[in-house]
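To keep things clear, I will list the structure first and then write my remarks on it.
As the structure lists them, so they are numbered: ligands from 1, and atoms in each ligand from 1.
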Amino acid sequence: MHDAPGSDPLALLVSWHQEALKIGAREPDAMTLATATRDGRPSARVVLFKGLSAGRLQFVTHYSSRKGREIEANPQVALVFFWPELMRQVRIEGRAARASAAESDAYFRSRPRESQLGAWASAQSAVVASRAALLQRFAEAEARFAGREVDRPPEWGLYQVEAERVELWLSAPHRLHDRFAYSRDGAAWQLERLCP
Ligand SMILES: Cc1cc2nc3c(=O)[nH]c(=O)nc-3n(C[C@H](O)[C@H](O)[C@H](O)COP(=O)(O)O)c2cc1C
C-alpha cells in the first residue's frame, strides 16, 4: 500500500514523468488534453508535454486550431497522462493561457528546421483538399525562408496550464488503487485520499 506521496503534486508529476522516460515507456510525454466550448461541449486529443515553466504545464500547438479556439473562448482545460508501463495516471484541471511570445520564439528556435516549416504548412484543424496541397504549402514555406532562419508563425506557440487540481492514481492489488487528490489552497496544496 502506498502512503501519501508528498505535498507538491507537480514535483511528483515531474518525478513520475522522469521515471517513465527512464524505463523507456512508450510516448512518455503524451497527455490527453480536453477543452470545451463556452457552452460546455467537450473535445479531447493527445498533445505532448513540454515541461513545466514556473509551475505551469506546457504544450505547443496552433492557436487557431480547434483546441486553440476553444481555449480562447473557455480557458478551463483538463489533462490526463497515462503510463501503462507504470500503471499510473495523473489528472490535471486548470486554466490555459498563451506563453509570452519570447518563450514561444525560444521553443520554436529549438525545433528542427523541417518541423518549423511544417508549422507554416499546416493551418491546423482547417480542411485541406489533399496531401499534395499540404506538401505544396510546405514547399512554399521552404522557398519563402530559403537561406534564412524560419520565423515562428504568429498562430503557433506554447500554452501554459496553471493547475488547480491534480490527482495521482497508482494501481494497487484487489482494485484498491491509490488516489491522491490535490487542490490548490493559496500557495499550498490540500491533499485528500479518494476511494478508487
Ligand atoms: C502522440 C501524439 C502527439 C501529438 N502531439 C501534439 C502536440 O504536441 N501538439 C499538437 O498541436 N497536436 C499534437 N498531436 C495531434 C493532436 O492530437 C490533434 O490531432 C491536433 O492537435 C488537432 O487537434 P484540434 O483540431 O482539436 O485542435 C499529437 C497527436 C498524437 C497522437
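The nearest heavy-atom contact from the protein to atom 18 (C) of ligand 1 is Arg45 CG, 3.8 Å. Regarding atom 31 (C) of ligand 1, its nearest protein heavy-atom neighbour is Val46 CB, 4.2 Å. At the shortest separation from atom 6 (C) of ligand 1 among protein heavy atoms lies Val47 CA, 3.6 Å. What sits closest to atom 8 (O) of ligand 1 on the protein, heavy atoms only, is Leu48 N, 3.0 Å. When hydrogens are left out, the protein atom nearest atom 24 (P) of ligand 1 is Ser125 OG, 3.4 Å; that is the closest non-hydrogen contact.
Side-chain polar atoms of Arg41 and Ser43 form no donor-acceptor pair below 3.5 angstrom. With hydrogens and angles left out, the side-chain atoms of Glu103 and Ser100 include a donor and acceptor closer than 3.5 Å.
Ring pair Trp16/Trp83 is perpendicular by interplanar angle, where above 60° counts as perpendicular and below 30° as parallel.
Atoms of ligand 1 lying under 4.0 Å from any heavy atom of Lys67, numbered from 1 in the order shown and given with element: 11 (O), 20 (C), 21 (O), 22 (C), 23 (O), 24 (P), 26 (O), 27 (O). Counting the atoms of ligand 1 from 1 in the order shown, those under 4.0 Å from a heavy atom of Thr61 are 10 (C), 11 (O). For ligand 1, the atoms closer than 4.0 angstrom to any heavy atom of Val60 are 7 (C), 8 (O), 9 (N), 10 (C), 11 (O).
Residue-level proximity to ligand 1 for Gln124 is carried by the side chain, the only part with a heavy atom below 4.0 angstrom.
Polar contact check, Glu27 against ligand 1: no nitrogen or oxygen pair lies under 3.5 Å apart. Looking at Gly68 next to ligand 1, no N or O pair under 3.5 Å apart turns up. Where the criterion is an N or O separation shorter than 3.5 Å, residue side chain and backbone included, Ala30 fails it with respect to ligand 1.
Here the side chain of His177 pairs no donor or acceptor atom with the backbone of Pro196 at under 3.5 angstrom. The closest donor-acceptor contact from the side chain of Arg98 to the backbone of Tyr159 lies at 3.5 Å or more, if one exists at all. Side-chain atoms of Ser183 never come within 3.5 Å of backbone atoms of Arg165 as a donor-acceptor pair (strictly under, hydrogens ignored).
Contact check on Arg184 versus Glu162 returns a salt bridge, with a Lys/Arg side-chain nitrogen under 4.0 Å from an Asp/Glu carboxylate oxygen.
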Next item on the list: Could you check Phe81 against Phe49 for ring-ring contact (aromatic ring centres under 6.0 Å, His included), going step by step and ending with a plain yes or no?
Entry: CA-CA 9 Å; Phe81 289 89; Phe49 176 50; 5.3 Å; yes
